[in-house]
Amino acid sequence: MKLVLASRNPGKLRELKALLEPLDIEVVSLEEYPGIPEVVEDGLTFTENAVKKARAVAAATGQVALADDSGLEVDYLNGAPGVFSARFAGEDRDDRANNEKLLHLLAGVPWEKRTARFRCVVAVAFPGGAVYTAEGVCEGMIADEPRGEKGFGYDPLFFVPAFGKTFAQLEPAEKNKISHRAKALRKARKILSEFLC
Ligand code: IMP
């Protein structure tokens with residue numbers, strides 16, 4: 001079985017490939033299908049966007065497709081940036097600008113009010129039309145300055161109290177044990193392994 005990852009984000013692809021390694025399947029990314037147009041992520045929920053992406057890629061490639069939609073929910077901002085995480089500071093998906101905007105909006109906000117979580121929904125779509133979803137959440141706090149060089153997106157600002165580190169200070173293998181994407185992927189792996197038998 002071949003699985004097409006419906007993403008072009010190199011940071012995400014790296015993590016997804018590592019998380020799918022235990023499955024004995026060929027995992028490829030959209031790089032192998034350059035003709036497939038970008039799916040517009042206009043859903044109001046992570047589930048809507050993940051399902052839309054996975055369905056579009058399964059239909060266009062004729063292969064099983066896996067898409068994730070994820071983002072950061074900050075309690076002080078009533079759940080923003082949420083589904084708009086990638087474009088928080090503008091359309092060009094600029095991680096540094098997104099982090100600066102988040103720090104600016106939380107300037108002066110005390111530590112105990114800086115609670116946040118990453119949420120991830122993974123959708124697995126089959127060419128015949130069936131779609132399955134799985135969700136994962138990772139709780140943390142928004143740091144008052146960026147720390148660490150690893151990871152991508154909001155990782156330098158996402159502090160995990162149990163580790164005393166931001167996601168960007170964790171080794172990729174450590175992040176891949178506790179992250180929202182890891183939790184959703186573990187559930188999705190179960191769905192996929194049932195279809196491998
Ligand atoms: P999308 O799922 O590609 O629409 O974008 C999700 C956005 O949420 C990313 O561009 C990041 O800004 C943010 N995000 C999702 N997961 C992570 C993560 O594991 N670390 C840091 N940022 C993340």
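Remember, it's 1-based here, ligands and their atoms both numbered in the order they're listed. Since the model is a prediction, treat every value here as computed from it, not as a measurement.
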N-O pairing of Asp75 and Arg117 below 4.0 Å: yes

Under 3.5 Å donor-acceptor, Ser85 side chain and Gly82 backbone: yes

Residues around ligand 1, heavy atom under 4.0 Å from any ligand atom, sorted by chain and number. Can you pull those? Lys12, Glu41, Asp69, Ser70, Gly71, Ser85, Ala86, Arg93, Phe118, Phe152, Gly153, Tyr154, Asp155, Lys175, His180, Arg181

Could you tell me whether Lys52 and Glu41 make a salt bridge, using a distance below 4.0 angstrom between a side-chain N and a carboxylate O? no

Do Phe167 and Phe118 have their ring centres less than 6.0 Å from each other? yes

List, one per line, each side-chain donor-acceptor pair under 3.5 Å for residues 26-38, sequence neighbours excluded.
residue	atom	partner	partner atom	Å
Ser29	OG	Glu31	N	3.3
Glu38	OE1	Arg8	NH1	3.4

Is there a path of hydrophobic side-chain contacts, each under 4.5 Å between heavy atoms of I/L/V/M/F/W/Y residues, joining Leu157 to Trp111? no

